[in-house]
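Accompanying notes for the structure given below.
Bear in mind that the values here come from a model prediction, so they are computed numbers and not experimental data.
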Protein chains: 2
Amino acid sequence: MISHKIVPNISVDCVIFGFDFEKLNVLLVERELKDEKSGEILIKDHTLAGYHIFEDEDLDSAAARILKGLTGLDNIFLEQFGAFGQLDRVSSPKDKMWLDYIKKGFADRIITVGYLALIDNTKVTLTLKDRNVAWFPVATVKDMEMAFDHKYLFYTALEALQRKVKVEPIAFQLLPDYFTISQLQKVYEAVLGTSFDKRNFRKKVAQMHYVIPLRKKQQGVPHKPAQYYLFSREVYEKTRKARISFII
Amino acid sequence: MISHKIVPNISVDCVIFGFDFEKLNVLLVERELKDEKSGEILIKDHTLAGYHIFEDEDLDSAAARILKGLTGLDNIFLEQFGAFGQLDRVSSPKDKMWLDYIKKGFADRIITVGYLALIDNTKVTLTLKDRNVAWFPVATVKDMEMAFDHKYLFYTALEALQRKVKVEPIAFQLLPDYFTISQLQKVYEAVLGTSFDKRNFRKKVAQMHYVIPLRKKQQGVPHKPAQYYLFSREVYEKTRKARISFII
DNA sequence: GTTCAGAGTGTACATTATACACATAGTTAA
DNA sequence: TTAACTATGTGTATAATGTACACTCTGAAC
């Protein structure tokens, strides 16, 4: 049984990435503070999905709880990308006003542990209730107003994602259970911000024996229907190369 | 001015790696608890170098402070490898006895942020005072008694090091300012636990334009003296390849 | 001057990366 | 029914990189 007593100086923030077959998106929460009398909007910006951890809760569990609360999803790719404890994390007058407003006994200096989550957009749009939560294209974040140091956390997470995606088979976490090679190529292109030659990309995928063709094709598309594939973690684990050599 | 008031539930642990031209070592602190009357040794094992953070101190600064305290060194490669907050971090009777003994008002559940440090052994052995601190070969750690979850932290750090060393030029941090190619090869072999072909290794190094030969050779060695080289970070930054493609 | 020990070098072959253009299948609209 | 459309899917030649493998060289020590 979870006590729900929070640890005042430790929180977890989730950078939740999603892919909509076109571009990479991030799930953000709108923060709004209105003056109680005039109704004037004093603060309106966005934050990452985050909250304090509970006293009897692991860091990983806290992140999973927050993710589930927002998306309704369990068993999602979720991995730490860093711990942040700069003294000036809450430096703007806006953020101070906010903390003042919610006055829940949070500590002055909060250490936050950042988690990176990857989810398949198609699953989530259904579950999303009419809350103040929405997907934003990753490319638009640079011009957004964000709370605390969340813009910095976001870019740190994005860099971690870009690093990891080159070396581990995590791109599949952004796709449905089955997908076409073109969709897979688009994920890589969206995450890395480049484009690849179609033939060379497919040659590469052909060497990934853990990407397995299904007896299933696209239907109802106004062009030649594409073959569906799935990612097999078992085959990946068995066939992954030792890769001892180093690349610099 | 630092207040020295500790944050009771947040600590930093440093996994300090060193290389002695032969093998990879780690710096550990001996922990000993004697019965006050009988003098009998109740606990004797090893811990990572770690301590609570201060209230007005960044995580990175806390790690640098701990590192400096032990080795006397500044400006060392120091990087986070994870945050750890399992509820059962302090689970053994031994660890509870210890916390009971030092009774400094630490919290029940402490979140620790792990830092990985790489240092050149030759610099440190000089500065090390006769404290309860010593280098241990990495290979011997598996059979050592260690406090808390520090063995787990250690192996997590080692894995992070092995992952990083393949992709970033951090092996140089384990060597003196100038070094021979054989020494560089031995670092890679010690860290990755493999061996490389000498000719192929040198061919690889020849392509790293940031490894620059000096007008300087070994002296007084009973064999052909080796050429010295240095690592130039500037050249590295300028010439590093975009490396957009992915490798799985 | 002979021995010793580690430094330093080259070549052939296999694998992988890169650049590049056209036929195919199914839907839609004339 | 035919033609146009759209994204799928395929091959080849060349360059670059990885891998396997054995001997000469230099200086110190005896």
Atom pair distance, as rounded to whole Å: NZ in B:K217 and P in C:dA7 | 12 Å

Between B:E145 (side chain) and B:K44 (backbone), is there a donor-acceptor pair under 3.5 Å?
-> no

In terms of heavy-atom contacts, does CZ of A:F136 have more than 12 from other residues, nucleotides or ligands at under 6.0 Å?
-> yes

Rounded to 10 degrees, the angle between the two terminal axes of the helix from C:dG1-D:dC30 to C:dA30-D:dT1, each from five pairs | 0°

If you take all heavy atoms of A:L175 and A:F21, which pair is closest and at what distance?
-> CD2-CE2, 4.0 Å

Could you check which residues of residues 176-184 of chain B get a heavy atom under 4.0 Å from DNA chain C? Sort them by number, please.
-> B:S182

Considering heavy-atom distances to DNA chain D, does B:V221 or B:N200 have its closest nucleotide positioned more toward the 5' end?
-> B:N200

Can you tell me how far P of D:dA3 sits from NE2 of A:H223, to the nearest Å?
-> 23 Å

Residues in residues 224-231 of chain A with a heavy atom under 4.0 Å of DNA chain D, by number, are A:K224, A:P225, A:A226, A:Q227

Side-chain (A:Q80) to main-chain (B:A83) donor-acceptor, under 3.5 angstrom = yes

Kindly write out the residues that satisfy side chain to side chain contact (heavy atoms under 4.5 Å, CB included) with B:D197, not counting sequence neighbours, or none if the list is empty.
-> B:R199, B:N200

Please check if the side chain of B:E79 supplies one atom and the backbone of B:L116 the other of a donor-acceptor pair under 3.5 Å.
-> no

Ignoring hydrogens and angles, are the base of D:dT12 and the side chain of A:K203 linked by a donor-acceptor pair under 3.5 Å?
-> yes

Check: A:N132 side chain, A:E30 main-chain N or O, donor-acceptor pair, under 3.5 Å | yes

Check the distance between D:dT10's P and A:K204's NZ and give it to me in whole angstrom.
-> 19 Å

Whole-Å distance separating the CD atom of B:Q207 from the P atom of D:dA16 = 12 Å

Which heavy atom in A:K166 sits nearest to a heavy atom in A:Q162, and how many Å separate them?
-> CG-O, 3.5 Å

Whole angstrom value for the distance that separates P of D:dA7 from CZ of A:R202 | 14 Å

Residue A:N75 excluded, over 12 heavy atoms near CG under 6.0 Å | no

Can you check whether A:F17 and A:F77 have ring centres sitting under 6.0 Å from each other?
-> no

Under 4.0 Å from any atom of DNA chain C, heavy atoms only: list the residues of residues 187-199 of chain B that qualify, in numerical order.
-> B:K198, B:R199

In whole angstrom, what separates A:Q219's CD from D:dT8's C1'?
-> 16 Å

With sequence neighbours excluded, residues passing side chain to side chain contact (heavy atoms under 4.5 Å, CB included) with B:E168 | B:K164, B:I170

Centroid-centroid under 6.0 Å between B:F172 and B:Y229 rings = no

Using whole Å, report how far CD of B:Q185 lies from P of C:dG8.
-> 12 Å

Heavy-atom closest pair (A:F19 atom, A:L174 atom, distance to 0.1 Å) is CB-O, 3.6 Å

Centroid-to-centroid, B:Y188 to A:F246, below 6.0 Å?
-> yes

